Amino acid sequence: MKNIDAFKAHGDIIWNIANLLRGPYRPPQYRRVMIPLTVLRRLDCVLEASKDAVIKHHKQLKEQTDKDGKPKYDAETIEKMVFHKFKLAFFNTSEFTFQSLLGDPDKLAANLANYMAGFSSRARKIIEKFKFEEEIEKLEEANRLFDVIKQVAAVDLHPDTIPNIAMGYLFEDLVRRFNEQANEEAGDHFTPREVIKLMVNLLFTHDDLVYRKAKLIKIYDPTCGTGGMLSESEKVIKDPETGLNPSAEVRLFGQEYNPESFAICGSDLMIKGEEVNNIVFGDTLGTGKPKEGFADGDGHPGEHFHFMLANPPFGVEWKPEKDFVTKEHDTFGFKGRFGPGLPRINDGALLFLLHMISKMQPAPEKGGEGSRIAVVFNGSPLFTGDAGSGESNIRRWIIENDMLEAVIGLPDQLFYNTGIYTYVWIVTNRKAAQRKGRVQLINANDFAWKMKKSLGDKRKRMGDGTDGTPDHLAAITRLYGDFAKDVRKTVAEIQTNIDPKRDQTKSQCVSKIFDNQDFGFLKITVERPLRLNFAVTDARIASVKQTNAFWELALSRKRKNQAQIDTEVLQGKAAQAAILAVLEGMRPAFADGHTVKDRPTFDKLLTAAFAAADLELDSKLKTALLAPGSLGAKDPSADICRDKKGNPEPDADLRDTENVPLPPGIPLPLPLDYESKKNKGKVDTAPLLKLVQAHCEAYLAKEVLPYRPDAWIDHSKIKVGYEIPFNRHFYEYEPPRPLADIEADILALEKDIMAMLQDVTA
């Protein structure tokens with residue numbers, strides 16, 4: 001953009017004014033003063049020409065009355081009339097300007113508060129979120145208010161000097177610089193600029209919709225923070241010189257629950273003369289506890305968007321929203337936002353993705369234009385959650401409906417408040433033909449450049465071709481756009497300075513293509529038979545005494561009549577004694593360590609012993625006596641225990657599960673309902689089993705039966721799972737160094753140590 005250096009110089013002036021705050025404020029706190037003052041000064045300059053006329057017209061409208069002498073217009077109507085007459089998105093009816101404020105230094109604090117209160121309602125609500133009144137008081141007490149206002153008032157931010165789009169760039173740059181200075185506080189609402197640029201590049205690459213002349217394009221961020229993703233998206237499309245489609249009409253929408261971040265984002269739109277009502281203050285997920293001026297839940301009901309971007313909080317629990325979100329899931333299912341399932345309570349990131357998917361335009365095959373989503377996650381949403389869990393079901397629904405287009409693994413230490421690895425997901429319902437049914441994984445872990453100075457946990461950046469860095473963003477975007485499988489690059493080709501000692505010729509895979517089915521698996525339950533031997537010994541009789549069936553015989557079911565209670569207890573103890581007498585009678589037959597390895601045979605012995613004692617052996621007691629840990633003991637050499645139908649009984653201790661890949665080419669989506677509150681435990685697996693039972697049996701025959709020939713699958717317990725094991729797909733085995741080399745290194749170290757010891761003891 002022309003004269004960009006001149007515009008940046010204005011930002012440098014404001015940046016330098018912040019030095020006046022040294023003392024009462026620490027550098028990370030400077031933004032609390034300088035960002036709202038920059039906003040106020042810009043609005044002051046924008047309104048300069050119409051100020052007097054607006055005040056006069058506003059006063060006239062307020063003074064008009066109807067025939068009953070009551071005000072003719074309410075405040076909201078008056079605002080609309082002023083907006084319409086003067087073609088403004090905001091106005092100020094205070095008598096003050098930044099220049100006139102300086103005329104009365106003694107009343108500057110009160111007059112500045114009066115000036116802020118004079119803004120139209122929407123602008124005032126945004127400005128109030130800065131809580132700047134508290135800073136005015138602090139500046140006044142420190143005798144800094146006049147000097148700061150005087151210098152800010154001298155900065156020319158008039159639209160004739162800095163057009164709206166340039167002012168947007170300037171403000172965005174200031175926000176970034178102040179947030180980086182406050183990096184220990186900024187992580188929750190500030191995404192590194194290069195991550196945003198990459199997400200935007202990926203969203204718009206090879207997307208024909210963004211190039212349509214005069215196209216209305218809606219862009220949305222449900223966790224918009226300071227608005228960086230929205231601003232960057234608009235810039236890429238609308239920039240007069242470099243934009244993809246300057247003729248497009250871009251409308252930005254967002255929602256944010258951090259007051260300061262919301263104020264910055266709303267201010268950015270005001271500064272650029274855009275619709276500020278599209279940025280909503282509130283909790284996107286919802287708590288069910290609405291309050292005035294706060295959107296509880298979806299702040300844009302009924303709206304759908306062409307492009308969406310987000311950086312939801314990493315690993316943050318959604319306990320405050322749990323009741324509200326769970327109720328929506330249980331009540332509305334797939335007609336609401338959270339149909340596939342809910343993640344565990346300690347990480348709600350996937351809920352934001354489900355919310356964004358609910359805001360998609362209808363897919364082209366359904367008569368709509370479709371949508372594209374870029375969202376940055378930590379590693380958890382890729383693989384957390386077993387088959388049938390909320391997370392797995394969310395992944396399953398996205399992949400089986402062919403919405404996951406790509407996952408890009410980014411370097412670690414990119415973010416200001418965490419050093420973990422992060423991943424950009426591209427989710428869409430308008431895939432290009434060659435991408436249908438497939439997912440691209442891009443390993444960009446090494447596309448990193450070491451920063452000269454760390455910013456909190458941010459020690460690396462992805463190069464963008466500036467400041468001597470390679471253009472990693474363009475390289476990653478090309479990998480995505482080329483959509484090629486098994487692409488390899490050497491360390492030298494990647495261009496990273498993280499470890500200069502690395503072998504620059506070493507090659508690694510950076511792009512892979514998978515079928516959707518490759519991420520799904522069947523969790524099968526493999527059973528092995530129960531095998532027991534039986535004996536009547538002192539130890540096993542002692543175990544019988546500890547069983548519930550035996551112990552409960554001496555318990556009374558009565559609650560009030562003590563005499564009846566005592567009678568039942570005595571009867572129970574007598575029954576216990578009789579049972580023990582029978583067992584004692586059987587004990588001599590097993591004195592030599594003899595065991596019976598066939599349950600039916602021992603069952604007959606036991607039944608005959610109780611019959612001989614004229615004692616009833618009911619089914620509950622018999623089951624307890626024949627159970628493992630009672631008269632029975634597990635024995636791999638014993639015969640298999642079978643039920644009445646002759647089927648083997650499973651041994652819970654030997655039960656195992658296996659994850660079986662889906663059959664190649666199996667049609668998606670799978671014929672299996674998602675479990676919810678309404679059908680919990682009642683999901684019909686029969687249609688799925690028709691497709692996969694033979695596949696599972698073949699897996700059992702190949703992978704299990706050669707080692708455990710008595711195993712079988714309990715098909716009634718089958719579950720479907722989906723995961724994206726990103727690191728596993730890119731893992732490449734590296735053999736260890738030869739032992740001789742390691743031994744030589746150890747010997748050399750030993751010699752060095754001995755030499756140092758001799759120097760010390762000499």
Side-chain angles (χ1 to χ4, degrees), residues 36 39-98 100-101 110-133 158-159 164 167 216 218 220 224 227 249-256 259 262-282 290-303:
V39 174
L40 292 172
R41 176 57 180 152
R42 172 63 173 187
L43 303 187
D44 183 58
C45 292
V46 170
L47 298 176
E48 186 178 300
S50 62
K51 176 87 171 179
D52 293 338
V54 166
I55 292 175
K56 181 179 178 181
H57 186 62
H58 185 269
K59 184 178 180 181
Q60 290 173 348
L61 292 174
K62 284 188 69 175
E63 291 175 347
Q64 291 187 35
T65 58
D66 58 19
K67 59 183 180 180
D68 297 323
K70 296 179 180 179
K72 188 173 182 180
Y73 307 111
D74 59 24
E76 184 178 352
T77 303
I78 291 174
E79 281 197 358
K80 291 179 179 178
M81 295 172 74
V82 174
F83 291 151
H84 178 73
K85 179 176 176 61
F86 293 94
K87 303 296 187 289
L88 295 172
F90 55 88
F91 59 85
N92 188 301
T93 57
S94 165
E95 62 182 281
F96 297 105
T97 65
F98 262 60
S100 64
L101 283 169
N111 292 342
L112 180 55
N114 178 281
Y115 170 75
M116 291 166 57
F119 278 100
S120 48
S121 59
R122 181 61 180 169
R124 189 169 64 251
K125 288 177 182 178
I126 291 174
I127 294 168
E128 285 173 353
K129 293 295 187 295
F130 282 119
K131 298 183 179 178
F132 189 55
E133 294 86 350
H158 195 280
N164 282 348
M167 186 63 207
L216 170 62
K218 295 181 179 181
Y220 173 60
C224 62
E249 179 186 349
V250 177
R251 294 183 187 173
L252 305 179
F253 297 78
Q255 188 162 344
E256 175 57 37
F262 165 77
I264 292 173
C265 186
S267 298
D268 183 39
L269 294 192
M270 282 199 297
I271 280 172
K272 293 185 289 193
E274 299 182 13
E275 178 54 66
V276 296
N277 288 326
N278 291 344
I279 304 299
V280 175
F281 180 60
K291 54 188 176 183
E292 186 177 355
F294 186 90
D296 191 60
D298 183 3
H300 299 283
E303 283 281 5

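None of these values were measured; they are calculated from a predicted model.
No side-chain heavy atom of E48 sits less than 4.5 Å from a side-chain heavy atom of T97.
Checked by atom type and distance alone, the side chain of Q255 never pairs as donor or acceptor with a backbone atom of Y220 at under 3.5 Å. Side chain of E274 to backbone of L252: no donor-acceptor contact under 3.5 angstrom is found. A side-chain donor-acceptor contact under 3.5 Å links S120 to the backbone of F91. Side-chain N or O atoms of K51 include one that pairs as donor or acceptor with a backbone N or O of F96 at under 3.5 Å. In this structure a side-chain-to-backbone donor-acceptor pair under 3.5 Å is present from K87 to H84.
Applying the salt bridge (Lys or Arg N to Asp or Glu O under 4.0 Å) test to E303 and every residue at least two apart in sequence or in another chain returns K218. Partners of E76 by side-chain contact (heavy atoms from CB on, under 4.5 Å), not counting sequence neighbours, listed by chain and number: D74, K80. D66 pairs by the side-chain contact (heavy atoms from CB on, under 4.5 Å) definition with D68, K70, not counting sequence neighbours. For R251, the side-chain contact (heavy atoms from CB on, under 4.5 Å) test picks out L216, E249, F253, with sequence neighbours left out. In terms of the side-chain contact (heavy atoms from CB on, under 4.5 Å) criterion, residue partners of I78 (sequence neighbours excluded) are, by chain and number, H58, L61, K62, Y73, V82. By the ring pair (Phe, Tyr, Trp, His ring centres under 6.0 Å) test, F130 pairs with no residue at all, sequence neighbours left out.
Note: M116 CE to N111 CG = 13.0 Å, rounded to the nearest 0.5 Å. Within the model, atoms CD1 of I126 and CD1 of I279 stand 8.5 Å from one another, a figure rounded to the nearest 0.5 Å. From M270, atom CE reaches atom CZ of F119 across 7.0 Å, with rounding to the nearest 0.5 Å. Note that NZ of K67 and OG1 of T65 are 12.5 Å apart. Values are rounded to the nearest 0.5 Å.
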### Message
Evaluate D52 against K56 for salt bridge (charged side-chain N to carboxylate O under 4.0 Å, His left out), listing each step before the verdict.
### Response
CA-CA 6 Å; D52 293 338; K56 181 179 178 181; over 6 Å; no
### E256 and C265: CA distance, side-chain angles, deciding distance, side-chain contact (heavy atoms from CB on, under 4.5 Å) verdict
CA-CA 9 Å; E256 175 57 37; C265 186; over 6 Å; no
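Considering all non-hydrogen atoms of both residues, R42 and N164 come closest at NH2-OD1, 2.8 Å. Here the shortest heavy-atom pairing between L43 and I127 reads CD1-CD1, 4.1 Å. Minimum heavy-atom separation, L88 to S50: CD1-OG, 3.9 Å. For the pair N92 and I55, the tightest heavy-atom approach, listed with the atom from each and the gap, is O-CG1, 4.0 Å. Closest approach of V276 and G266 over heavy atoms only: CG1-O, 3.7 Å. Heavy atoms only, all atoms of each residue included: N114 and S94 are closest at OD1-OG, 3.1 Å.
Using the six-membered ring where Trp is involved, F98 and Y115 have ring planes that are perpendicular, over 60° apart on the 30 and 60° scheme.
Figure legend: cation-pi geometry between K129 and F281, with NZ or CZ positioned under 6.0 Å from the six-membered ring centre and within 45° of its axis.
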